[in-house]
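Notes follow the structure.
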Amino acid sequence: MAAGPTDGEMREEVTTVEDEEAEFLAYLAAATSKTSSIDVSVFLLPARSDFMAFQGYISLGMYQLPLYFSCETPGGRVRMSSIRGDCRLRALWKRGEWLNTGRLERSLDVGSFATELEDMLSSPLPPSLPPSAFKEGKTLRRTGVTAPPAVYRQLLTELQALGWANARDLSPRPPQGGAEDGLQGGAEDELLTLTLAVQDSAGREHEVLVELPSHPSPSVWPRCQARLPPVEEEAGGGAGWLEFDRRHLLPPSTPHSPPCSHFHLQLVKEQFQDRIAAFQDFWDVMDDLDRHAWVMGGASERFRRESRERRVVLHAHASCVINIDPLAPYKPSHVEFVGPEAVIGPWTRRLYAGIGDWDTARMPRQNLEAILGFPFPAPPTPLDGEGNGGGKGEGWEAAYVEECCICYAYRLGDGSSKERGDIPTVTCENERCRRLYHSVCLRQWLQTLPDVKMIRGGLTNRTTLLGSCPFCIEPISLEVDAVSFV
Amino acid sequence: MADTDMELWPQEDNIRLWHAIIQGPGETPFEGGTFELRIEVGTDYPIRPPVIRFVTHIFHPNIHFETGEICLDILKKEWSPAWSLQTACRAVVALLAAPDAESPLNCDAGNMLRGGDVRAYNAMARLYTVEYGSATRRG
């Protein structure tokens, strides 16, 4: 079966879209002239879980024409402009006398659309159909190709083998290109994205995003992404998706495997599990912090698998950023205190003095608690379920404001930025104020003040801005990299 | 902050345009009146102040009678991100009770107060409160 014009291996046999189309129509003409009709059936499967899109194929004699469309309502009227298919389907569509698109358009739901389609195609092809009539294909553009049915069968088999419980999400990439006449626009790279849930040895769940090629072959590998911690030292907290090295996915035994291709999902899973084995200790340490410490920023800041940093509340107005090395998580962690100098000064000295007693057999949290001389405050809200009735005490815990007091947000942007500035780390030194700010927000504010003072650092390229706190009007200072005067 | 004397809401289709209904403070000529404010929140809010104007006509030295422009230091050079829209509206309410005749946008009102003719000012302000001061929320 022809896999479609995008397949590299097919290109030598079938040279142009026009040829393919002519061949197809010639076949139809020949087939329908011999018998009264050919075998026609329409297979459709929901392409989205909300039944707003379907894909499948029209089986027409020896041809199977892929088909994709979306609906106006779940399972309802088919959006004619959304129909995608290959050049053969397009050729079919242009034969108005055989395929009455007006009738299709009037179908009220997907079921009657499919029945209508089958009905029309089962009727004999009008005799006025010389194959050469379709040689006008010069104006045709190559059309989007959805995967042939064999691809879906293969995908189903592989998912079955993995277990359906591990398939989190399966969605088509929206077809790209012109939507005005439905069968135009090249969606050649139309793909499915699959989210696989993979468990590590400690039972933690990880998600692997797999981009499936529409025409799998031994030489085409699914592209995979997963959230892994950044290993390089300079990378900060929020590293995003980490891509697999495709070479890792090459199975040793494929070079001579038959062209019946597969998606290597099992292999993706195994390779991912191999890959994350090295991070088990790291995630144990992070889980310990997430469970026993007050991680700032709410639920979304906890259990971030790709992050090696946690911001932990230590006391009223004081917190610390703990940075764990993913490859040596039990080693002394890098800790940066945030808060007024009067509070964090002694802690910094205690940390320097006590770092020699660090016990690599214990959790970094326990080590830090021993060195600082107090237990980490417990999270104010229970880990499961945010808010309602969370036991914030009556003391400073209840009044603790984690957010920036200028923008009232905790993390700026989408969290993928590696900049430390996206969490509030600047504290007002006035002990009756002690409000927290993002350095970006505070800098913007200070730069609007007519009386802000700038002190340039000598050798370093850093500048200190001196102004007043927006709340208490007491002096506040902020060290920044460089100051633009715009 | 439970506010029974103030209503503040964003326009349905535009988060940067807010409306408020404030009540005239007691023991002032504005008592019993309700006034609509239109609040434009710029993209640089809260670094820059919102632009607040009276939609309802009001007779007050620091509020322009026609345009509704307000002369209030915290909405100009004394602005700080510490203010919120709600507290800024409260400051506007406070301004109604404490007119400043030295920086008038409404010269008639300013001149009355500077001339010490509080009775005339109160009477005029009262007149306009009765005439216009009955704004209600329009959705």
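Every chain is numbered from 1, with letters handed out A, B, ... down the list of sequences. The figures that follow rest on heavy atoms only: side chains count, while hydrogens, waters and symmetry mates do not. Just so you know, these numbers come straight off a predicted model, no measurement behind them.
Between B:Ser80 and A:Trp445 there is a side-chain heavy-atom pair separated by less than 4.5 Å.
Taking every heavy atom of both residues into account, A:Pro470 and B:Ala82 meet most closely at O-CB, 3.3 Å.
Few gaps surround CZ on A:Arg77; more than 12 heavy atoms of other groups in view lie less than 6.0 Å from it. More than 12 non-hydrogen atoms from other residues, nucleotides or ligands lie less than 6.0 angstrom from OH of A:Tyr408.
Contacts between A:Cys441 and chain B at a heavy-atom distance below 4.5 Å involve the backbone alone (N, CA, C, O).
Here the straight-line distance linking atom CG of A:Leu449 with atom NZ of B:Lys77 works out to 13.5 Å at 0.5 Å rounding.
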